[in-house]
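What follows is one structure encoded as structure tokens, with my remarks underneath.
The sequence lines fix the lettering, A, B, ..., with proteins before strands; numbering per chain opens at 1.
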Amino acid sequence: MVRVAPSPTGDPHVGTAYMALFNYALAQTTGGRFILRIEDTDRTRYQEDSERQITEALTWLGLSYHEGPDVGGPNGPYRQSERTDIYRENTQTLIDNGTAYRCFCTPERLAELRRAQRARKEPPGYDGLCRGLLPEEVEAKLAENTPFVIRLKVPKDRAVVFHDELRGDVEIEGKTIDDQVLLKSDGFPTYHLANVVDDHLMEVTDVIRAEEWITSTPKHVLLYEAFGWEKPRFRHMPLLRNKDKSKISKRKNPTSLIWYKENGYLPEALLNFLALMGYSSPDGEEMFDLASMLRDFDVKRISTSSPVFDMDKLLWLNGEYIRADSEANLTQRVLDHLAYRRERGLEPDAAEADVLAWIDANGGLDGDAARDFVGRTMPLVQERIKTLQEYAPLTRCFFASDVSGYAQEEMVPKKRNAGEVEDLLRGIVGALEKLESWDTASIEALLRSLCEEYSWKPRELFQPVRVAVTGSKISPPLFETMELLGRETTLARLGAAVEV
RNA sequence: GCCCCCAUCGUCCAGCCUGGUCCAGGACAUCAGCCUUUCAAGCUGAAGACACGGGUUCAAAUCCCGUUGGGGGUACCA
């Protein structure tokens, strides 16, 4: 039994997907179950929409869970905010057996304490003032309704050792472990308490989480001991990093899974990329989908050094997946992507607006006309785009009614002048008008013959044609583009170019 | 500061556990060439790393110790 336990505090995070992937892989390859648990115990950081976005993002990635807030299961509820009674009851057992205590210290006193400790260059931490409270004193405070928290009574005279399956034994001295708050004064548990209680109750046997939790694992171990519960196996994954090696953050990297979807990344590419971070397949293959990862998945192959999140490599992988896809499927993906962006209310750029305008005028995103036409452009651009988002800029010339926004000099090759280009274009228009069959091969044959006739090199001659027809020096293959546009549009654009 | 984790090309990984086959292999990025109607894609090639110092050993990228560096933690956040 494994779980992923994100907190709904903002956009679904790439780190959540990373953790989910490895938990999912372990569950799938060991016949275990995978739980999604929402850790929403921090009411100040809670964000309404976040949980739905998390579930949607995991679904998008294909990381389905057996149990979770939206799918139910035998170990619910799966939102910690709905389990507060459970935490309260369990905390009471700790108080009863003497492994936890009520602390009535005010936040002000704690802040003052920390300041003093800092001034004395001592490690900050609770001084244990309320540890020694007599039962009557506690009763008195309680009677006065003094707010309190419940703290773990950490044994300061011994070390806590736990075994990390990936890293070996980790030993931390009790005196360096703070008397952790377990239950806040608002009645909500802290992460540490809720996490341990839930993992136990939900029968989680394997905890795979990020490295940042290593130092607090002793607290969790102490809790398992205090409750008399069996510990799960711990595995701490390396932390995803920014280029400067700091923990990945949204200021230095896109961390929102929504961002990747909005920008045309394929879920299988993102997942594959995440898998490559700290993991390698036994056969050394770098491109593998989830199914093939599962075929030979081995937790022992997870490495412990933290990888830098390299967008360049992700982009390359995304391109690989795009090229490996079928034309029909990719066509549908482009359409779905445009629909998704519209649904999200994202402002289209000029190219995207042109594409959408054409599609709207021709039956809409789910119409046959759009699918047919986008499908016909696909062979021209499939190997030229690295994200779905790059489709529109590259194919704008097929959808736009007017492409004449280019600068005049773009049509003029080096060592040629505007007059020469104009003469050439007139000649080309004349020849194309008389061309019998309007297809790629015929157009190419004709233009190449004109190269000889005018003594222009192919690359020279094709440049003004390309700019006139597509509006840019960079375009899909020219002759195919002209065929797809049709004689009428092509000639109109060439004619317009001659005019000016 | 204190505690903990980590350490192979710019980046991601392989090799390390079970020392010799490693003057270290692959991928991304970079550069060059080829292909070529632009841009891509593709192909070929180049450059590029065992952090440092000790120790163990006939032999160390691999084992041990230390140093240095990087990161994380040190909240009534998760």
**Study point:** P-based separation of B/G42 from B/C64 [nearest Å]
**Key:** 42 Å
Exercise for review: Determine the contact category for A/Phe479: base if any of its heavy atoms lies under 4.0 Å from a base atom, sugar-phosphate if only primed atoms, P, OP1 or OP2 are that close, otherwise nothing.
Suggested key: base
Check your understanding: Which part of the nucleic acid, if any, lies within contact of A/Cys105, taking any heavy atom under 4.0 Å across all strands shown: a base, the sugar-phosphate backbone alone, or nothing?
Key -> base
Review point. Hey, are A/Arg43 and A/Asp186 close enough for a salt bridge, meaning a charged N less than 4.0 Å from a carboxylate O?
Key: yes
**Study point:** Same-atom distance (P) from B/A27 to B/G72, integer angstrom
**Key:** 32 Å
Check your understanding: How would you list all residue pairs meeting side chain to side chain donor-acceptor pair (under 3.5 Å) that involve residues 438-450 of chain A, not counting sequence neighbours?
Key -> A/Ser437-A/Asp439, A/Asp439-A/Ser442, A/Thr440-A/Glu483, A/Glu444-A/Arg448
Point to revise | Span of RNA chain B in contact with chain A (heavy atoms, under 4.0 Å) | key: B/G1 to B/A78
Exercise for review: Can you measure from CE (A/Met19) to CZ (A/Arg235) and round to the nearest 0.5 angstrom?
Suggested key: 13.0 Å
**Study point:** C1' gap between B/U30 and B/C9, integer Å
**Key:** 12 Å
Study note, to complete from the structure: Within residues 36-49 of chain A, the residues having a heavy atom closer than 4.0 Å to RNA chain B are A/Glu39, A/Thr41, A/Asp42, A/Arg45
Exercise for review: Assign A/Met277 to base, sugar-phosphate, or nothing according to its heavy-atom contacts below 4.0 angstrom with the strands shown.
Suggested key: sugar-phosphate
Exercise for review: List in numerical order all residues of residues 208-215 of chain A for which some heavy atom is under 4.0 Å away from an atom belonging to RNA chain B.
Suggested key: A/Glu211, A/Glu212, A/Trp213, A/Ile214, A/Thr215
Point to revise | Electrostatic pair A/Glu165:A/Lys231 at N-O distance under 4.0 angstrom | key: no
Point to revise | P atoms of B/C31 and B/G69, separation to the nearest Å | key: 34 Å
Practice item. Mind checking A/Ser475 for me? I need base, sugar-phosphate or nothing, with any heavy atom below 4.0 Å counting as a touch. Key: base
Practice item. In sequence, state the C-alpha distance, the side-chain angles, and the governing distance for A/Glu82 and A/Arg79, and then conclude on salt bridge (Lys or Arg N to Asp or Glu O under 4.0 Å). Key: CA-CA 6 Å; A/Glu82 294 168 12; A/Arg79 280 181 207 100; 2.7 Å; yes
Exercise for review: Check whether more than 12 heavy atoms from other residues, nucleotides or ligands sit under 6.0 Å from atom CZ of A/Arg301, and answer yes or no.
Suggested key: yes
Review point. Which part of the nucleic acid, if any, lies within contact of A/Pro238, taking any heavy atom under 4.0 Å across all strands shown: a base, the sugar-phosphate backbone alone, or nothing?
Key: nothing
Review point. Does some side-chain heavy atom of A/Pro8 sit less than 4.5 Å from a side-chain heavy atom of A/Gln47?
Key: no
Check your understanding: Say you pick atom C1' in B/C50 and the same atom in B/U8; how far apart are they, in whole Å?
Key -> 4 Å
Exercise for review: Taking the six-membered ring for Trp and the full ring for Phe, Tyr or His, determine whether the centres of A/Phe273 and A/Tyr265 are under 6.0 Å apart.
Suggested key: no
Exercise for review: Walk me through it: do A/Glu144 and A/Lys141 pass the test salt bridge (Lys or Arg N to Asp or Glu O under 4.0 Å)?
Suggested key: CA-CA 5 Å; A/Glu144 294 165 18; A/Lys141 296 268 195 190; 5.7 Å; no
Point to revise | Proximity of A/Phe462 and A/Phe479 rings by center, below 6.0 Å | key: yes
Point to revise | Derivation and outcome, salt bridge (Lys or Arg N to Asp or Glu O under 4.0 Å), residues A/Arg396 and A/Asp349 | key: CA-CA 11 Å; A/Arg396 185 183 189 185; A/Asp349 63 15; over 6 Å; no
Check your understanding: Roughly how far apart, to the nearest Å, are B/C22 and B/A60 at atom P?
Key -> 16 Å
Review point. Just by distance, do the side chain of A/Ser81 and the backbone of A/Thr41 share a donor-acceptor pair under 3.5 Å?
Key: no
Review point. Counting any heavy atom closer than 4.0 Å, what does A/Arg459 reach on the DNA or RNA strands: base, sugar-phosphate only, or nothing?
Key: sugar-phosphate
Practice item. Using the six-membered ring of A/Phe148, assess whether NZ or CZ of A/Arg102 lies under 6.0 Å from its centre and within 45 degrees of the ring axis. Key: yes
Review point. With rounding to whole Å, what would you report as the distance between B/G53 and B/U68 at their P atoms?
Key: 15 Å
Revision key, fill the gap. A/Tyr191 meets the ring-ring contact (aromatic ring centres under 6.0 Å, His included) criterion, sequence neighbours left out, with A/Trp213, A/His220
Review point. So what does A/Pro6 touch, heavy atoms closer than 4.0 Å: a base, only the sugar-phosphate, or nothing?
Key: nothing
Practice item. Under 4.0 Å between any heavy atoms, over every strand shown, what does A/Gly278 touch: base, sugar-phosphate, or nothing? Just pick one. Key: sugar-phosphate
Check your understanding: Can you tell me how far C1' in B/A51 sits from the matching atom in B/A61, rounded to whole Å?
Key -> 12 Å
Check your understanding: How does RNA chain B read in dot-bracket, base by base from 5' to 3', with Watson-Crick or G-U pairs under 3.5 Å and | used when the partner is on another strand?
Key -> (((((((..((((......[....)))).(((((.......)))))....(((((..]....))))))))))))....
Exercise for review: Name the nucleic acid region contacted by A/Thr190, choosing base, sugar-phosphate or nothing; use a 4.0 angstrom heavy-atom cut-off, strictly under.
Suggested key: sugar-phosphate
Revision key, fill the gap. Partner of A/Ile208 under side-chain contact (heavy atoms from CB on, under 4.5 Å), picked from A/Asn23, A/Leu21, A/Leu166, is A/Asn23
